[in-house]
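Reading through the structure tokens given below for one structure.
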2 protein chains.
Amino acid sequence: MATTLTRKGRATRQRIVAGAAELFRERGVAGTSLDDVCEATSTSKSQLFHYFPDGRTQLLAAVAQHEADRVLEDQQPALDQLTSWAAWQAWRDRVVERYRAQGQSCPLAVLTSQLGPGSPEHQEVVVGLFSRWEQKIADGIRSMQASGQIGSSTDAGRRAAALLAGLQGGVLIMLATGEIAHLEAALDEGIAALRRVPGAAQDGAGGPAGLDGRGGSAALDGGGA
Amino acid sequence: MATTLTRKGRATRQRIVAGAAELFRERGVAGTSLDDVCEATSTSKSQLFHYFPDGRTQLLAAVAQHEADRVLEDQQPALDQLTSWAAWQAWRDRVVERYRAQGQSCPLAVLTSQLGPGSPEHQEVVVGLFSRWEQKIADGIRSMQASGQIGSSTDAGRRAAALLAGLQGGVLIMLATGEIAHLEAALDEGIAALRRVPGAAQDGAGGPAGLDGRGGSAALDGGGA
DNA sequence: GGAAAAGTGGACCGTCAAGTCCACTCGTCG
DNA sequence: CGACGAGTGGACTTGACGGTCCACTTTTCC
């Protein structure tokens, strides 16, 4: 079965997943039938069920995983190197650009809400994605704290959660309205808020200024923006 | 037709909308058939099509409008009186409580993503809701600025957009993961950021003063993993 | 080179849900 | 009171979609 796939088999399976993903993005999950997938990928029902014996459910899960992987990939390498304000800006631009290009599609939101209670498999995929995503953002904040560019008085995990929420909400609103302004606002305001955390070394100049970080903690109010 | 509805007729129509809304919330739009709606509301197909000649589509639109109206209603009167920090906190608590109670349901996200490209009718409902929502938040910020509790140097509209995005994202993540922490973090951080806008009069609203607001310090359960 | 396994094609079936139709009841107004 | 239209019930039609089956081709490996 799945254990013994020839090169051709893998290619076919991959073609099905990619094609299905595209259809889901274009026409929604509910609006896409297995026949549609077959037609779009030049395959037949038997092949589809050959690679996904559990049918639609399994295909959906595979596509979800595929899309989830792409989400973080598309933000690399920026997301893994949030060690300077310039990097944060680059990441922000990357995200905005990605979703702008994607337009009315984000498979994440689609899949997320397509599954109410149930489908623990999908739940897992989405939870895993959010978790990794937030982790990377939090790591970025912590690294900035370590280098003194963000004050140490704030809870990196909580900040990351808020930032991720803003990002997700921005995408959601974009999907609903077609406007990307909310996504931009959420990211910009979120990052700006990080810059205002008191206790940071002086903005910009800092450079690779040693590791200090939490020496003073004398919550001097972070000046104006 | 719809122009001449007797009291009984209106009641039936209302019963259908309310019942359908509940089913959609419980089982999702895709997981609910018109037969389900009929059964749940003790009506028959003919009645359903009597009141919604365009069938499923029209019913969906009616339910969407119904739900959209409820969303803002549920936040009143807090949402219309964001004139003190205490009011902001009350609103925040209201929102969190509402979604906590709702659990895995928010019909908004469901409907939003259920409709990919197409259904301009629904699009309109959602856009209208977001627009009114953001407007009210922005009004709150402006009134705080007018009374000197928030500095005038920030763009109220943009802040409101970011806050709404955070809220929406928090809800989305809650739907996906069951965790409400992101929603809380997004609201708390968003409001805290407002408190840090420079140029405000000293915080005297009654709570514990402090420039940092409830930023990231207090007993906030750990973020991240 | 040939046999077994993997891959492929498409007809076929059962189910289920959207939407139609018509017969019937009930309330209201002349 | 009686008739007309609003309101109601539920059987029926239609079609799409998920899933099955089997005959056939290609690849792989001895």
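Keep in mind that what you see is a predicted model, and the values were worked out from it rather than measured.
Legend: residues meeting side-chain hydrogen bond (donor to acceptor under 3.5 Å, both in side chains) with Thr154(B), ordered by chain and number and at least two apart, are Arg159(B).
For the pair Tyr51(A) and dT8(C), the criterion of a side-chain N or O lying under 4.0 Å from OP1 or OP2 is met.
Rounded to whole Å, the distance from CG on Leu48(B) to C1' on dA18(C) is 11 Å. The distance from atom CG of Leu23(B) to atom C1' of dA17(C) is 15 Å, rounded to the nearest whole Å. In this structure, the NE2 atom of His50(B) is 14 Å from the C1' atom of dT25(C), given to the nearest Å. Rounding to whole angstrom units, CD1 of residue Ile16(B) and P of dG7(D) are separated by 11 Å. Rounded to an integer number of Å, the gap from Gln47(A) CD to dT8(C) P is 5 Å.
For CD of Gln89(A), the number of neighbouring non-hydrogen atoms (other residues, nucleotides, ligands) closer than 6.0 Å is greater than 12. Heavy-atom contacts from other residues, nucleotides or ligands closer than 6.0 Å to CD of Glu97(B) number more than 12. No more than 12 heavy-atom neighbours from other residues, nucleotides or ligands sit within 6.0 angstrom of CD on Glu39(B).
Within the structure, salt bridge (Lys or Arg N to Asp or Glu O under 4.0 Å) contacts touching residues 77-89 of chain A (residues at least two apart or in different chains) are Asp80(A)-Lys136(A). Applying the salt bridge (Lys or Arg N to Asp or Glu O under 4.0 Å) definition to pairs two or more places apart or across chains, those involving residues 42-59 of chain B are Asp35(B)-Lys45(B).
End-to-end axis angle for the helix from dG1(C)-dC30(D) to dG30(C)-dC1(D), using five pairs per end and rounding to 10°, comes out at 10°.
A side-chain N or O of His182(B) and one of Glu134(A) form a donor-acceptor pair less than 3.5 Å apart. For the residue pair Gln81(B) and Trp91(B), no side-chain donor N or O sits within less than 3.5 Å of a side-chain acceptor on the partner.
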(request) Using a 4.0 Å heavy-atom cut-off, write out nucleotides 15-21 of chain D from 5' to 3' as B (base contacted by protein), S (sugar-phosphate only) or - (no contact). (result) --SBBBB

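Between the Gln149(B) side chain and the Gln145(B) main chain, no donor and acceptor come within less than 3.5 Å of each other. A donor-acceptor pair under 3.5 Å links the side-chain atoms of Ser147(A) to the main chain of Ser143(A), judged by distance alone.
For the pair Glu184(B) and Arg100(B), the salt-bridge criterion is met [side-chain N within less than 4.0 Å of a carboxylate O].
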Where do N or O atoms of nucleotides 24-30 of chain D meet protein N or O atoms at under 3.5 Å, pair by pair?
{"unit_1": "dT26(D)", "atom_1": "O3'", "unit_2": "Lys8(A)", "atom_2": "NZ", "d": "3.4"}

